A.B. asks: 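Can you keep this structure in mind? I'll have questions shortly.
All values derive from a computational prediction rather than experimental measurement.
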Amino acid sequence: MVASAENACFSEIICNKSPNCVEFFKQKEAGPILLGYTWENYVTICVLHLPQLEPDIEEYNYENLTDIDHGSSVLKMKWSPKTSMSIHPVGLIFCTIGIDFQLRLFTLNNKMEVSVKILGEHKSFINDCCFEPSQGNIVASVGDDKKCRMWDVETGEVAMVIPLSSPGRNVLWNINDPTKLVVGEQNGCIRAYNSTTFQPVFTLNSMQSVGNMMSCDWSILNPVKIGAVIGKQWFVWNIQKGSLPESSGTAHHGSSQEFKWSNIHDGIFSTRGRGPDNQFHLYFEHGDQVVISTETKVGTGHSWHNLLPICAVSDDRKILLYDMELLQ
């Protein structure tokens, strides 16, 4: 049975334009929630205040901290684990992917003064990046040039280049299994590498020619689980049970674009499709039934918070905030 999305949507963040990426910061303790989103040539940083994480707050509210001119069209952003709003010195640190094939590193102080440097670039479009989760001293990126590159955040030097067999779609580190780096390729190959030697550790595949893999994710709550969308299908692997999927199902009637694990509930994941429905779906693992479904007009990107069961979903000039505890 599909639950009503309207029951779970508790707020909207109004945006100047339709976001193409939304990203919660993975905070370590209670306090204000950081949410960043990208649109056209800008990155916007918001702060959300919820009573669940701030006892002195009576009801939910949010504020826009700043709009940052990126200098070129920006496709994605990822937060550094060094970001802090509570430990002195206050600093917001994130990396962006530009349409100009460049990675930029942004740092904001408590006055919202911005410093930016070009961290590196690929020879074609960059599709994803991530920080090493424990120290944040390395950024990994993948792109259409069939390379996974490691960048030293301090020096900007290339620490390692891993050749891929097809364009890289996702690169993933996991705070609960930091010895591995997972790379998802467009041809459906998902490969884990030792994060010190960068030698292959295991490879996953779907063994089905159902289309290109557009997105994969690695569960923080249960690091043996990796999921992906390939063509119109979703797939879930348990790396302890072999290289073939443990379960699969139809994600969307059109092409599937995004797969994300919940950071709060083990076994819950979400997908987004592109045309004609542009739907957001939420699933319980091992079930073919969609638990929640909502159709957005435009927009790409969604993100799960890591302390609350909240998911942010981009829409037409707004971001929808869903609280999964409100599902009925």
Side-chain angles (χ1 to χ4, degrees), residues 21 23-29 34-36 38 41-45 65-66 68-72 74-143 145-164 168 170-183 192-199 218 220 306:
C21 170
E23 192 75 18
F24 278 120
F25 171 64
K26 291 180 173 60
Q27 59 198 88
K28 298 179 178 64
E29 56 190 20
L34 276 173
L35 176 70
T38 64
N41 292 357
Y42 290 88
V43 179
T44 296
I45 307 299
L65 279 185
T66 185
I68 303 164
D69 190 341
H70 187 263
S72 71
V74 56
L75 304 176
K76 273 188 179 182
M77 68 166 292
K78 290 294 178 70
W79 290 103
S80 165
K82 291 185 175 181
T83 288
S84 173
M85 292 186 66
S86 59
I87 302 174
H88 186 79
V90 172
L92 310 183
I93 306 171
F94 56 89
C95 187
T96 63
I97 296 174
I99 202 170
D100 56 4
F101 312 160
Q102 293 184 334
L103 289 171
R104 290 171 173 81
L105 184 72
F106 286 82
T107 303
L108 284 70
N109 61 20
N110 58 352
K111 297 180 181 179
M112 293 298 103
E113 295 171 333
V114 179
S115 63
V116 58
K117 70 175 182 180
I118 304 299
L119 187 59
E121 62 181 293
H122 282 242
K123 294 181 180 179
S124 187
F125 291 105
I126 304 172
N127 296 317
D128 197 18
C129 68
C130 68
F131 282 87
E132 188 281 321
S134 57
Q135 301 295 325
N137 295 325
I138 299 290
V139 170
S141 59
V142 293
D145 58 1
K146 302 181 183 180
K147 296 290 191 296
C148 175
R149 303 178 188 269
M150 313 289 169
W151 310 91
D152 186 296
V153 171
E154 294 299 322
T155 66
E157 295 180 355
V158 179
M160 175 63 67
V161 178
I162 302 174
L164 308 177
N170 289 99
V171 58
L172 307 160
W173 252 304
N174 192 316
I175 188 63
N176 292 320
D177 192 358
T179 62
K180 300 183 186 72
L181 176 77
V182 168
V183 176
Y193 298 87
N194 182 290
S195 60
T196 302
T197 66
F198 298 107
Q199 295 299 308
W218 187 6
I220 291 178
N306 68 311

A.B. asks: Can you name the residues that form a side-chain hydrogen bond (donor to acceptor under 3.5 Å, both in side chains) with K180, not counting sequence neighbours?
C.D. replies: D177
A.B. asks: H70: what forms a ring-ring contact (aromatic ring centres under 6.0 Å, His included) with it, not counting sequence neighbours?
C.D. replies: F106
A.B. asks: Just how far is it from atom OH of Y193 to atom CE of M150, taken to the nearest 0.5 Å?
C.D. replies: 8.5 Å
A.B. asks: Rounded to the nearest 0.5 Å, what separation is found between the CD1 atom of I68 and the CE atom of M77?
C.D. replies: 7.5 Å
A.B. asks: Just wondering, do L119 and S141 contact through their side chains at under 4.5 Å, heavy atoms?
C.D. replies: no
A.B. asks: Which atom names give the shortest non-hydrogen contact between C95 and V139, and what distance separates them?
C.D. replies: SG-CG1, 4.2 Å
A.B. asks: Quick one, I220 and N174 - any side-chain contact, counting heavy atoms below 4.5 Å?
C.D. replies: yes
A.B. asks: Closest approach of S80 and F25, non-hydrogen atoms and distance?
C.D. replies: O-CE1, 3.4 Å
A.B. asks: Would you indicate whether the side-chain heavy atoms of I97 and K78 approach each other to under 4.5 Å?
C.D. replies: no
A.B. asks: Does a side chain donor of either K76 or N127 reach within less than 3.5 Å of an acceptor in the other side chain?
C.D. replies: no
A.B. asks: NZ of K146: more than 12 outside heavy atoms within 6.0 angstrom?
C.D. replies: no
A.B. asks: Using side-chain hydrogen bond (donor to acceptor under 3.5 Å, both in side chains) as the criterion, list what pairs up with D69, not counting sequence neighbours.
C.D. replies: none
A.B. asks: Taking only residues two or more places apart in sequence or in another chain, which ones pass side chain to side chain contact (heavy atoms under 4.5 Å, CB included) with T197?
C.D. replies: N194, Q199
A.B. asks: May I ask you to test the R104-S72 pair for a side-chain heavy-atom distance under 4.5 Å?
C.D. replies: yes
A.B. asks: Rounded to the nearest 0.5 Å, what's the gap from CD1 on I126 to CG on D100? Could you check?
C.D. replies: 8.0 Å
A.B. asks: Who passes side-chain hydrogen bond (donor to acceptor under 3.5 Å, both in side chains) against E132, sequence neighbours left out?
C.D. replies: S134
A.B. asks: CZ/F24 to CH2/W79 distance, rounded to the nearest 0.5 angstrom?
C.D. replies: 11.5 Å
A.B. asks: I'd like to check the side-chain hydrogen bond (donor to acceptor under 3.5 Å, both in side chains) partners of E113; sequence neighbours left out, ordered by chain and number.
C.D. replies: N109
A.B. asks: Quick one: are D145 and F101 in side-chain contact, heavy atoms under 4.5 Å?
C.D. replies: no
A.B. asks: Search all heavy atoms of G136 against all heavy atoms of F131 and return the closest pair with its distance.
C.D. replies: O-CD2, 3.7 Å
A.B. asks: Under a 4.5 Å cut-off applied to non-hydrogen side-chain atoms, are V171 and V182 in contact?
C.D. replies: no
A.B. asks: With rounding to the nearest 0.5 Å, note down the distance linking OG1 in T66 to CD1 in I45.
C.D. replies: 8.0 Å
